[in-house]
Amino acid sequence: MSDIINILPDSVANQIAAGEVVDRPASAVKELLENAMDAGSSSIQLIVKDAGRTLIQVIDNGCGMSDSDARLCFERHATSKIRKADDLFAIHTMGFRGEALASIAAIAQVDLKTRQHDSELGTQIEIEGCSVKNQHPCSCPVGTSISVKNLFYNVPARRNFLKKDSIELSHIEEVFRRITLVHNDISFSFHSNGRLLYDLRADSLLQRVCQVFGDCYKDRLYPIEEESDVVSIKGYVSKAEYAKRSRSEQYLFVNGRFIKHPMLAAAIEKAYADMIPEGNHPAFFVSLKVDPSRMDVNIHPTKTEVKFIDESAMFAILRAATKKALGQFSLASEIEFNPSTDLEFTPLPKNYIPKEPSINFNPTYNPFTETRTTRSENNREHWNNLFELNHQHSGDTLSPTIDSLSPDNPPHDEFELDEKQQFFQIQNRYIACSTTNGLLLIDQRMAHERILFERLTEKTKPIGGQQLLFPVNCQFSAVDADIMDVIKNELIHSGFELHRMVSSNVFVVSAAPLNLNDNELQDFFDNLISEYKGSMMDKNSDRSAKVFSSIARRMAIKAVKPLLTEEMRQLVNDLMKCNMPAVSPSGERISLILSSEKIKHLFKFPN
Ligand code: ADP
Ligand code: MG
């Protein structure tokens with residue numbers, strides 16, 4: 001038999017490697033920005049067209065490259081950052097594998113201009129699919145400008161796999177944030193299709209967070225700082241009251257690199273213990289410095305997971321440092337400090353009397369003002385199932401009120417619960433009502449979320465809001481302001497009146513739903529945007545439904561809130577008229593029944 005093994009040509013090998021390094025425009029952006037930082041730049045510009053499909057350009061003012069390096073940098077395993085295996089344990093640069101440019105050049109048309117500060121002329125080099133088309137001297141500023149055009153032009157499968165521009169752009173934006181949030185000593189700008197999205201000056205970390213997420217973050221964060229042999233920690237954690245439903249604003253960095261480390265993120269979250277409701281998460285921007293020899297350096301270029309030798313010590317230190325930050329700056333006496341950590345905590349001042357927290361509420365607000373008159377088969381089925389189930393167990397007849405929903409008694413559209421039906425609240429959280437066959441328990445917040453959601457999605461007319469005494473200005477980043485434009489119709493439908501100020505990222509709000517206070521608006525929109533960004537990744541999601549579901553969740557009554565009997569009755573009535581009364585729009589269970597059988601059983605001692 002003849003030999004069958006070939007060594008693949010470089011162009012093919014590079015294309016295969018490119019599949020790992022560059023899977024979408026955002027990963028090319030990451031590699032180019034990292035190279036610009038490794039070159040010691042103090043100012044970096046990112047320019048993209050069509051979400052990076054047509055053009056990704058990164059211009060830096062770093063060290064530049066010599067003529068021959070400009071050619072060599074596109075070879076595989078060509079790097080100036082390490083020379084020998086031992087160097088792997090002392091990496092201080094973002095890149096070190098020498099793979100990125102070779103991979104990018106294999107799947108795009110690349111145009112590089114570069115000049116070192118001691119050269120009068122620079123070099124321009126054009127490469128397409130690994131082969132050099134042109135190289136000649138050129139005049140250009142000190143530093144490097146690299147343009148990556150028509151990404152995946154020779155890999156149609158990959159090109160077809162790309163998502164909508166808005167999704168690809170949001171991935172690029174996330175890469176940009178992950179880099180700029182930790183390199184606040186470098187100026188960055190970001191243009192997309194000719195529009196300036198970010199213009200970030202070199203400034204303090206706090207200023208950088210505010211430049212990226214909006215000025216309001218100044219008042220939302222506590223600084224966190226700790227020095228130890230194992231790790232040094234610097235950054236900001238959010239105040240408990242600004243916790244969000246998503247983890248989209250959790251940024252953890254190690255030695256200047258964004259990482260995902262669920263255990264360390266949990267260390268920070270754990271420090272909040274009972275301060276934030278379940279399912280909510282604090283925001284944080286925390287930068288760790290660790291001796292590179294104490295971590296696994298062999299990080300895959302596109303992966304963000306990292307391993308540390310001293311993981312459990314880091315966990316304890318990070319949690320304690322977060323508690324310290326929260327304790328020191330909020331003077332929240334109820335935070336339980338963990339005595340097992342050996343960090344020192346600043347004690348509360350002597351004779352310190354905690355201030356009673358003030359609660360904002362609208363005394364005229366009644367969440368139950370609207371009654372509805374439609375009910376569907378779905379709804380009927382739910383209530384039937386709920387009560388039928390108990391029926392089978394107990395053989396009892398149902399109470400006259402609920403009985404009207406049994407299969408033999410199809411509900412009337414005007415059905416209302418009997419006035420004599422008693423309700424009571426458990427822990428100001430659940431509504432309980434006795435039926436002849438058991439105990440019906442309803443989660444009041446979930447129920448209200450469902451009712452609001454169906455009102456928003458079913459009503460064709462906008463729901464009336466209340467004019468604000470003074471219009472409120474809400475400020476956003478450029479990208480977030482664009483999202484506000486996208487979801488504006490849903491907001492108007494929900495009772496807001498708002499418009500974007502000409503050529504700015506400020507929205508003026510002149511009317512809002514009844515139960516939202518002026519000072520809650522910015523936070524309300526920020527949360528909505530962050531949830532919207534999360535849902536954008538899911539291409540099957542219906543935008544309006546997602547936005548309405550977020551709005552309903554934000555506007556629903558508190559999980560814990562005392563209710564009057566009439567309010568409970570109204571809530572249960574409204575819930576019974578919903579199309580899908582069993583689950584909340586966010587997929588949680590709304591009601592359950594404890595049958596008399598089950599209750600009886602609970603009283604029995606086990607044999
Ligand atoms: P790595 O960053 O892992 O070394 P790359 O393929 O990204 O590999 O880059 C190869 C080499 O090209 C780098 O080691 C560096 O010497 C040089 N290089 C790349 N981009 C720049 C830049 N913007 N400025 C100066 N040198 C650069
Ligand atoms: Mg690199």
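Every number for a ligand or one of its atoms is a count from 1 in the order of the listing. Numbers here are sequence positions counted from 1.
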Novice: Could you identify the single nearest non-hydrogen protein atom to atom 15 (C) of ligand 1 and state the distance to 0.1 Å?
Specialist: S80 OG, 3.4 Å
Novice: Which bit of E34 is near ligand 1, meaning a heavy atom under 4.0 Å away: side chain, backbone, both or neither?
Specialist: neither
Novice: For atom 1 (P) of ligand 1, what is the closest protein heavy atom, and at what distance to 0.1 Å?
Specialist: G98 N, 3.5 Å
Novice: What are the atoms of ligand 1, with element, lying closer than 4.0 Å to any heavy atom of T79?
Specialist: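 Those of ligand 1 that fall under 4.0 Å from T79 are 1 (P), 4 (O), 14 (O).
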Novice: Just distances here: any N/O of A39 and N/O of ligand 1 closer than 3.5 Å?
Specialist: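 N/O-N/O distance below 3.5 Å does not exist for this pair.
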Novice: Counting only heavy atoms, which portion of T144 has something under 4.0 Å from ligand 1: side chain, backbone, both, or neither?
Specialist: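 It is the side chain that gets close, since no backbone atom is under 4.0 Å.
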Novice: Which bit of D60 gets closer than 4.0 Å to ligand 1, counting heavy atoms only: side chain, backbone, both or neither?
Specialist: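 Answer for D60: side chain.
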Novice: Would Y222 and Y242 count as a close aromatic pair, with their ring centres under 6.0 Å?
Specialist: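 That pair fails the under 6.0 Å test.
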Novice: Could you check Y217 against E249 for side-chain hydrogen bond (donor to acceptor under 3.5 Å, both in side chains), going step by step and ending with a plain yes or no?
Specialist: CA-CA 11 Å; Y217 275 70; E249 286 172 13; 2.5 Å; yes
Novice: Could you check atom 2 (O) of ligand 1 against the protein and tell me its nearest heavy-atom contact, residue, atom and distance included?
Specialist: K81 NZ, 2.6 Å
Novice: Can K239 and D219 be counted as an ion pair, charged N to O under 4.0 angstrom?
Specialist: no
Novice: Quick one: nearest non-hydrogen protein atom to atom 20 (N) of ligand 1, plus distance?
Specialist: N35 CB, 3.3 Å
Novice: To the nearest 0.1 Å, how far is atom 10 (C) of ligand 1 from its closest protein heavy atom, and which atom is that?
Specialist: A78 O, 3.3 Å
Novice: Within 2.8 Å of the Mg ion (ligand 2), is there any N, O or S atom belonging to N35?
Specialist: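 Here the distance criterion (N, O or S atom, under 2.8 Å) is met by N35, so yes.
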Novice: Which protein heavy atom lies closest to atom 12 (O) of ligand 1, and at what distance to 0.1 Å?
Specialist: C73 CB, 3.2 Å
Novice: Could you walk me through whether Y251 and R177 pass the side-chain hydrogen bond (donor to acceptor under 3.5 Å, both in side chains) check?
Specialist: CA-CA 9 Å; Y251 291 88; R177 274 196 295 261; 3.2 Å; yes
Novice: Evaluating non-hydrogen atoms only, which member of M37, M65, E75, E31 is closest to atom 26 (N) of ligand 1?
Specialist: M65
Novice: Any cation-pi pair here, R178 with F258, using under 6.0 Å and within 45°?
Specialist: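 Yes, cation above the ring, under 6.0 Å and within 45°.
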Novice: Which residue is it: R24, R53, K163? I am looking for the one with a side chain to side chain donor-acceptor pair (under 3.5 Å) to E168.
Specialist: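 In the set R24, R53, K163, the residue that makes a side chain to side chain donor-acceptor pair (under 3.5 Å) with E168 is R24.
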Novice: Can you spot which of R159, E128, Q109 makes a side chain to side chain donor-acceptor pair (under 3.5 Å) with N150?
Specialist: Q109
Novice: Can you tell if the side chain of M37 reaches within under 4.5 Å of the side chain of I186, non-hydrogen atoms only?
Specialist: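 The answer is yes, as the side chains (C-beta and beyond) meet within the 4.5 Å cut-off.
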Novice: What residue and atom, counting heavy atoms only, is the protein's closest point to atom 6 (O) of ligand 1, and at what distance?
Specialist: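 Minimum-distance protein heavy atom for atom 6 (O) of ligand 1 reads L101 N, 2.9 Å.
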Novice: Classify the ring geometry of F507 against F476: parallel below 30°, tilted from 30° to 60°, perpendicular beyond 60°.
Specialist: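 It falls in the perpendicular class, over 60°.
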Novice: Any N or O on A100 sitting closer than 3.5 Å to an N or O of ligand 1?
Specialist: yes
Novice: Mind checking whether D38 has an N or O less than 3.5 Å away from an N or O of ligand 1?
Specialist: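 N/O-N/O distance below 3.5 Å does not exist for this pair.
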Novice: Are F285 and Y236, when compared by the centres of their aromatic rings, separated by less than 6.0 Å?
Specialist: no
